Amino acid sequence: MEHFLLGRRATGALIADPYSAAPRGPSRMAASRLPILLAVAFSSLSCILSHSNREMWFQDLFPPNTCPINAKANTFYGIMFDAGSTGTRIHIYTFVQKSPEKLIELEGEIFESVKPGLSAYADQPEKGAETVKRLLDMAIDAVPRHLWKKTPVVLKATAGLRLLSEEKAQALLLEVREVFEESPFLVPEDSVSILDGSYEGILAWITVNFLTGQLSGQNQHTVGTLDLGGASTQITFLPRFEETLKQTPGDFLTSFEMFNSTYKLYTHSYLGFGLKAARLATLGALDMEAVGGQMFRSSCLPKQLEAEWHFGGVKYQYGGNKQGETGFKPCYLEVLKVIKGKLHQPDEIRGSSFYAFSYYYDRAVDTNLIDYEEGGVLEVRDFERKAKEVCDNMERYNSASPFLCMDLTYITALLKEGFGFRDSTLLQLTKKVNNIETSWTLGATFHLLQSLGITY
Ligand SMILES: Nc1ccn([C@@H]2O[C@H](COP(=O)(O)OP(=O)(O)O)[C@@H](O)[C@H]2O)c(=O)n1
Ligand SMILES: [Ca+2]
């Protein structure tokens with residue numbers, strides 16, 4: 001079991017000023033003033049993390065003598081790249097600390113993304129790094145010149161790079177590091193790396209539970225989080241029953257202390273179980289070496305379909321079951337083969353509710369289960385209902401992605417047969433909480449800034 005300490009008592013409640021909704025699309029800019037107590041908690045958090053006696057990936061970033069206590073009016077920036085399997089994103093955060101007794105405020109975030117992700121450039125690392133450079137150029141405009149040298153830039157890659165060979169992944173990271181070194185920004189040690197799957201889950205859980213105010217005060221009702229990326233999926237929650245702890249494999253548990261409480265968190269990242277990786281697994285094409293002009297067919301695809309799909313730098317030919325069966329039933333059986341018996345099923349999650357984001361959110365939006373801006377609450381059975389509707393009427397959905405049936409069926413099977421949720425389990429579909437993305441990137445940025453002593 002992993003163990004680390006995560007902070008100390010923070011007072012007050014979470015306050016968030018509303019700001020205008022970000023426009024839909026790959027490029028969004030959110031400018032807001034958002035005083036957040038969670039920042040204070042994170043301030044303590046990084047200090048205490050650095051005192052953990054376990055060697056962590058961020059250990060070197062958090063000198064124990066940089067705990068920010070006394071501050072004067074100050075504006076500062078942090079640049080965090082999320083190199084995901086389907087895209088690379090830059091988050092440029094602006095923070096202000098007006099006076100020592102005032103809370104750190106998150107002033108705004110500039111967000112931009114490019115597709116495909118870095119892993120698509122596995123054989124052209126320089127070209128991959130160029131995509132990062134183009135995004136970083138935005139930061140040159142966004143950050144005032146006199147603050148360039150004080151503004152740290154960090155990139156963390158997730159499942160796309162985890163799936164590449166060590167050699168190819170390192171070549172990409174090296175090229176990105178060179179781009180950073182040539183930039184005018186502060187490049188901390190270990191600024192370009194692969195984020196461990198467990199921390200991806202933990203950081204997202206921390207972000208959501210801080211933002212929803214669940215980690216301070218007496219009545220704590222923390223929420224579990226479900227992240228469905230392109231190549232991996234994470235489940236993270238705080239077990240309430242001793243029995244769950246006993247039944248859980250040790251490497252699924254991380255222990256930490258916060259606000260005078262000790263939490264033992266259940267977290268796991270399943271590599272190869274992201275939505276896009278699952279498509280390949282369902283098609284029988286996940287083993288990239290096996291691809292060679294082969295046509296992969298599935299009952300989850302429109303009968304007459306024949307097309308090409310590029311993922312992770314590899315081209316796949318895929319199509320429908322021209323002669324054979326199509327529809328929800330055969331599709332569900334196909335998808336089950338990918339999932340059955342592969343995931344750990346903690347009993348206690350069956351009755352609880354979870355926050356779900358990324359592809360859970362996107363597919364729920366695509367099928368009008370929720371509104372893009374508002375999100376919403378669904379039951380697991382809503383995904384199954386939609387999967388049946390789409391798979392059994394594929395001709396009606398021919399303007400949507402040809403994978404819509406497969407994706408919805410996979411989500412249904414992942415939730416029910418994978419994690420073992422009930423049909424009635426509630427899912428809070430959320431892209432933002434208090435106008436902040438439910439992503440690991442903000443948490444990672446707080447860690448970074450405070451570890452470097454950029455906040456006081
Ligand atoms: N800032 C971000 C980044 C990704 N995502 C979502 O994350 C999913 C793609 O996951 P990903 O490319 O990060 O893949 P992994 O590397 O996490 O497996 C899509 O549903 C994106 O819409 C998001 O909602 N907000
Ligand atoms: Ca992700």
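Because the structure is predicted, anything quoted here is derived from the model rather than measured. For reference, positions follow the sequence shown, starting with 1. Counting starts at 1 for both ligands and their atoms, in listed order.
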Asks: Surrounding NZ of Lys342 (heavy atoms of other residues, nucleotides or ligands, distance under 6.0 Å), is the total greater than 12?
Replies: yes
Asks: Name all residues meeting the ring-ring contact (aromatic ring centres under 6.0 Å, His included) criterion together with Tyr359; count only those two or more places apart in sequence or in a different chain, and write none if there are none.
Replies: none
Asks: Between Lys386 and Glu389, does at least one N-O distance fall below 4.0 Å, as a salt bridge requires?
Replies: yes
Asks: Taking only heavy atoms of Arg89, which atoms of ligand 1 are found under 4.0 Å from at least one of them?
Replies: 3 (C), 4 (C), 9 (C), 11 (P), 12 (O), 13 (O)
Asks: By number and element, which atoms of ligand 1 are closer than 4.0 Å to a non-hydrogen atom of Glu437?
Replies: 1 (N), 2 (C), 25 (N)
Asks: Has Arg297 got a side-chain atom pairing as donor or acceptor with Gly320's backbone, closer than 3.5 angstrom?
Replies: yes
Asks: Run the numbers for me: atoms of ligand 1, each under 4.0 Å from some heavy atom of Gly229, listed by number.
Replies: 10 (O), 14 (O), 15 (P), 17 (O), 18 (O)
Asks: What I want to know is whether Leu228 and ligand 1 share at least one N or O pair that is separated by under 3.5 angstrom.
Replies: no
Asks: Regarding ligand 1, does Ser439 bring an N or O atom to under 3.5 Å of one of the ligand's N or O atoms?
Replies: no
Asks: Is there at least one pair of N or O atoms, one from Asp82 and one from ligand 1, spaced under 3.5 Å apart?
Replies: no
Asks: Please evaluate residues Tyr361 and Tyr372 with respect to the criterion side-chain contact (heavy atoms from CB on, under 4.5 Å), reporting the C-alpha separation (whole Å), side-chain torsions for both, the decisive distance (0.1 Å), and the verdict.
Replies: CA-CA 8 Å; Tyr361 194 93; Tyr372 176 80; 4.2 Å; yes
Asks: Pick one of side chain, backbone, both or neither for how Phe111 approaches ligand 1, counting any non-hydrogen atom pair under 4.0 Å.
Replies: side chain
Asks: Give the atoms of ligand 1, by number and element, whose distance to some non-hydrogen atom of Ser232 is under 4.0 Å.
Replies: 18 (O)
Asks: Can you list the ligand 1 atoms lying under 4.0 Å from a non-hydrogen atom of Glu200?
Replies: 17 (O)
Asks: Polar contacts were defined as any N/O atom of the residue lying under 3.5 Å from an N/O atom of the ligand; does this apply to Ala231 and ligand 1?
Replies: yes
Asks: With a 3.5 Å cut-off and sequence neighbours excluded, list the donor-acceptor pairs that the side chains of residues 78-85 form with protein atoms.
Replies:
residue: Asp82; atom: OD1; partner: Gly84; partner atom: N; Å: 3.4
residue: Asp82; atom: OD2; partner: Arg89; partner atom: NH1; Å: 3.0
residue: Ser85; atom: OG; partner: Ala231; partner atom: N; Å: 3.2

Asks: Output the list of atoms in ligand 1 that are nearer than 4.0 Å to some heavy atom of Thr158, sorted by atom number.
Replies: 15 (P), 16 (O), 17 (O)
Asks: Counting only heavy atoms, which portion of Asp362 has something under 4.0 Å from ligand 1: side chain, backbone, both, or neither?
Replies: side chain
Asks: With side chain to side chain donor-acceptor pair (under 3.5 Å) as the criterion, how do Ser424 and Glu379 come out once you've worked through the C-alpha distance, each side chain's angles and the decisive distance to 0.1 Å?
Replies: CA-CA 5 Å; Ser424 58; Glu379 289 181 341; 5.8 Å; no
Asks: Quick one: do Ile339 and Tyr410 satisfy side-chain contact (heavy atoms from CB on, under 4.5 Å)? Show the steps, please.
Replies: CA-CA 9 Å; Ile339 289 168; Tyr410 176 68; 3.6 Å; yes
Asks: Near Thr86, which atoms of ligand 1 are under 4.0 Å from a heavy atom of that residue?
Replies: 9 (C), 11 (P), 12 (O)
Asks: Using a strict cut-off of 4.0 Å, indicate which atoms of ligand 1 neighbour a heavy atom of Gly84.
Replies: 12 (O), 13 (O), 16 (O)
Asks: With a 4.5 Å cut-off on side-chain heavy atoms, are Val223 and Asn209 touching?
Replies: yes
